[in-house]
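Scroll down for the structure; my scribbles are underneath it.
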Amino acid sequence: LGLGFSPSVVLGIYSRHFYQTIDSKPLLQACSEVSKRLEPLLKEEADRSLLSTFRLDTAFMLDDYQEALRLLEAGISDHDEAWHKLSIVKVKAHIALQDKKYDEAAALFREFVSLLPDEEQFDPQTGIGYTRDILAAKNEVRIGDFLKEAGRAEDAKAAYEKANELFSKCLADEKIVSDARRK
């Protein structure tokens with residue numbers, strides 16, 4: 001930007017390299033600052049929407065869930081209402097977890113899973129696709145982990161048992177197993 005490149009060229013560079021930066025929090029923080037300068041300079045709605053998606057991922061990766069919620073509530077034009085609802089529930093679950101509201105966090109993580117479409121979801125950090133059942137199992141493990149940390153061993157055990165049931169179901173599903181082997 002300081003060299004006078006057009007905002008759309010800067011966005012092109014930013015988007016080409018964004019997902020290579022997400023393993024480095026300092027670099028991600030620096031990218032966040034660039035995106036804040038870039039946003040008001042973009043003229044095209046598609047460009048603003050793309051940058052908003054990157055800003056959302058940045059906020060999430062930096063554990064700035066209030067900023068992520070703000071971005072989602074403002075809306076990202078290339079995503080539908082169902083995606084917004086799903087994403088807002090996920091962010092609210094993380095906010096509840098940050099606030100150590102474990103029952104609320106567990107309920108919201110489970111609501112998040114219930115809202116997932118029956119199609120693979122891809123992790124932007126790794127590019128790995130997960131089925132709904134695998135995501136449900138992984139979220140039960142997460143719930144078990146934070147309940148265990150909160151000293152609620154019995155509740156954690158129940159979440160881990162649910163995770164084991166879901167993982168067993170996935171292992172019994174030949175399509176999931178064969179898809180995983182190909183990846």
Does Arg70 come within less than 4.0 Å of Asp64, counting only side-chain N to carboxylate O?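 Salt bridge absent between Arg70 and Asp64.
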
If you measure from the Lys or Arg side-chain nitrogens to the Asp or Glu carboxylate oxygens, is any gap between Lys92 and Glu111 under 4.0 Å?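 Salt bridge between Lys92 and Glu111, a charged N being under 4.0 Å from a carboxylate O: no.
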
So which atom in [X] and which in [Y] form the shortest heavy-atom distance, rounded to 0.1 Å?
X     : Y      : answer
Leu62 : Gln29  : CD1-OE1, 3.2 Å
Asp63 : Gln98  : O-NE2, 3.1 Å
Ala93 : Ala105 : O-CB, 3.8 Å
Leu56 : Leu72  : CD2-CD2, 3.7 Å
Pro7  : Leu38  : O-CD1, 3.6 Å
Arg37 : Gly2   : NH2-N, 4.2 Å

Please say yes or no: joined through hydrophobic side-chain contacts below 4.5 Å, possibly via intermediate residues, are [X] and [Y] part of one cluster?
X      : Y      : value
Phe60  : Tyr19  : no
Leu147 : Leu97  : yes
Ile128 : Leu116 : yes
Phe122 : Phe18  : no
Val89  : Ile95  : no

Would you indicate whether the side-chain heavy atoms of [Y] and [X] approach each other to under 4.5 Å?
X      : Y      : answer
Lys36  : Ser32  : yes
Arg110 : Ile143 : yes
Ile88  : Lys85  : no
Glu165 : Glu140 : no
Lys157 : Glu161 : yes
Leu50  : Leu42  : no
Leu41  : Val10  : no
Lys43  : Asp47  : no

A quick test of your reading: do over 12 heavy atoms of other residues, nucleotides or ligands sit less than 6.0 Å from [atom1] of [X]?
X      : atom1 : value
Lys25  : NZ    : yes
Glu119 : CD    : yes
Asp118 : CG    : no
Phe5   : CZ    : no
Gln121 : CD    : yes
Glu149 : CD    : no

Applying side-chain contact (heavy atoms from CB on, under 4.5 Å) to Lys90 and Leu115, what does each step give before you reach the verdict? CA-CA 10 Å; Lys90 182 178 182 180; Leu115 294 171; over 6 Å; no

From [X] [atom1] over to [Y] [atom2], what is the distance, rounded to the nearest 0.5 angstrom?
X      : Y      : atom1 : atom2 : value
Ser168 : Asp133 : OG    : CG    : 11.5 Å
Phe167 : Lys162 : CZ    : NZ    : 12.5 Å
Ile76  : Thr53  : CD1   : OG1   : 4.5 Å
Leu11  : Phe54  : CG    : CZ    : 7.0 Å
His84  : Leu71  : NE2   : CG    : 9.5 Å
Asp23  : Met61  : CG    : CE    : 7.0 Å

Treating [X] as the side-chain partner and [Y] as the backbone partner, does any N or O pair qualify as donor plus acceptor under 3.5 Å?
X      : Y      : result
Glu67  : Arg55  : no
Arg132 : Ser114 : yes
Ser49  : Glu45  : no

Return the orientation label for the Phe146 and Tyr102 ring planes: parallel under 30°, perpendicular over 60°, tilted otherwise. parallel

Angle between ring planes, His94 versus Tyr65, binned at 30° and 60°: parallel, tilted or perpendicular? parallel

